[in-house]
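Notes to accompany the following structure.
Hydrogens, waters and symmetry mates are skipped; everything else that's a heavy atom, side chains included, is used. Order of the sequence lines sets the chain letters (A, B, ...), proteins ahead of strands, with each chain counted from 1.
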There are 2 protein chains.
Amino acid sequence: MPNTGKTESVRSRPPEARPLDAFDRRILGELAADAALSYADLGSRVGLSAPAVHERVKRLRTTGRIRGTVALLDGPSTGKPFLAFVHVDSTGWGKTQELLDLAELPEVEEIHSVAGDTCMLLKVRCQSSRALEGLLARLYAMPSVKATRSYVVLSTYLERPPQAGMTETLETEWAAGEADDTRP
Amino acid sequence: MPNTGKTESVRSRPPEARPLDAFDRRILGELAADAALSYADLGSRVGLSAPAVHERVKRLRTTGRIRGTVALLDGPSTGKPFLAFVHVDSTGWGKTQELLDLAELPEVEEIHSVAGDTCMLLKVRCQSSRALEGLLARLYAMPSVKATRSYVVLSTYLERPPQAGMTETLETEWAAGEADDTRP
DNA sequence: CATTGCTCCGAATGAGGTTCGCTATTGAAA
DNA sequence: TTTCAATAGCGAACCTCATTCGGAGCAATG
């Protein structure tokens, strides 16, 4: 059966453009807390049948909303009790490739380019302060690295992956006593 | 059946004291990358049968090595494209309770106490720069908060949960050209 | 040398993931 | 307004896989 170009152009809008509805948000919230839930349980929590949530979860995966399903390891009890954030000052913007190569080390969990008084921000978790020192030595061995500032974590009060919920009042509440809302 | 105190004292050593062997490490590595693996697949990868890995994974869970199994959400495509690290200077050490209450906001992903020129470090992910501003307003509304410094993430090159692997050479390699190893 | 406990494996069972066909609903075209 | 097509939902069925059970090999203990 031949399909008209007109119909096709309407129907084949990119799937990732479709916005998340309330069902999707609740599914994401549940799975971000516990991905070991059965589809039957998940369905009863959000008010859908098992095949229906299965279909939605599959789409959330293929469209990239869900990046993966992983086991969260506990740093201290798996041999990496030392956590630190390292700010890196480097010369030039194009020379950051060697910094990105640090991604091969399992101790390096995050590499961000940030706006502020530093260029790059690393989150590293390793087995000892000596290992942290070794990582800093690797940094300083790079010609482009000018300086670093390390923030060693003393206590972690909260640490979790991205959450599904959003605080709507964050965008409006604070401005109530300060100025009128200038948005349209 | 009564058990002798002697046997009990020997047998009931804390389970978390048992060190991880090579099998455990490989299992943790696989599950940290993909927790949706079947036990049969996981077993064939590490060289054990399905019931054997099942038993080990169960123990890794109960002993806290595995904190949970979760779906990793993609921030930008789930409505939170803005990521920032906020350093907080606060007066006094006991007054941090109001900071810890921020954990109720789904935008706040991490709260650490750090050593360095700041007291606390937050990782926050929210829907807009305006929401980030609202969160900063909440911070400054706290009497104990003296100052904040924000690092807005421009690009994220790497972001992943704790990994199982460890770079052994980090503890030794760097010191080779500097000084002799002083460890026993 | 006997015993105790641990961990592994193969087999069996039952729960749950996955697919299929059908129906209701929505939105667009005639 | 009528008609058509596509979507998303559900119940039932299938089939994979998680989970349990019993037994064997092994190490450490007394």
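Distance, B:Asp41 CG to D:dT16 C1': 12 Å, rounded to whole Å. Rounded to an integer number of Å, the gap from B:Arg56 CZ to D:dT19 C1' is 18 Å. Between the CG atom of B:Asp21 and the P atom of C:dT7 there is a distance of 9 Å, given to the nearest Å. Put simply, CZ on B:Arg61 is 14 Å from C1' on D:dT19, counting in whole angstrom units. For the pair A:Ile27 CD1 and D:dG9 C1', the computed distance is 12 Å after rounding to whole Å. In this structure, A:Phe23 places its CZ atom 19 Å from P of D:dT7, rounding to the nearest Å. In this structure, B:Asp24 atom CG and C:dC6 atom C1' are separated by 14 Å, rounded to whole Å. Distance B:Glu55 CD to D:dA18 P: 15 Å, rounded to the nearest Å.
Between the side chain of B:Glu30 and the backbone N or O of B:Leu28 there is no donor-acceptor pair closer than 3.5 Å. Remark: the backbone N or O of A:His87 is not paired with any side-chain donor or acceptor of A:Arg149 at under 3.5 angstrom. Although no hydrogens or angles enter the test, the distance criterion places a donor-acceptor pair under 3.5 Å between the side chain of A:Arg26 and the main chain of A:Arg45.
Contact annotation: the side chain of B:Ile66 approaches that of A:Leu73 to within less than 4.5 Å [non-hydrogen atoms, C-beta and beyond].
Here D:dA18 is the nucleotide among C:dT7, C:dG10, D:dA18 with the atom lying nearest to any side-chain atom of B:Tyr39. Which of C:dC9, D:dG9, D:dC17 sits closest to the side chain of B:Ser38 comes down to D:dC17. Among C:dC8, D:dA18, D:dG9, the nucleotide with an atom closest to any side-chain atom of B:Leu48 is C:dC8. Here the side chain of A:Arg59 is nearest to one of D:dA8, D:dG9, C:dG10, namely D:dA8. When distances run from any side-chain atom of B:Ser49 to the nucleotides C:dG16, D:dG9, C:dC9, the shortest one goes to C:dC9.
Distances shorter than 4.0 Å separate none of the side-chain N or O atoms of B:His54 from OP1 or OP2 on D:dA18.
In the model, A:Tyr151 has no side-chain atom that pairs as donor or acceptor with a side-chain atom of B:Thr118 under 3.5 Å.
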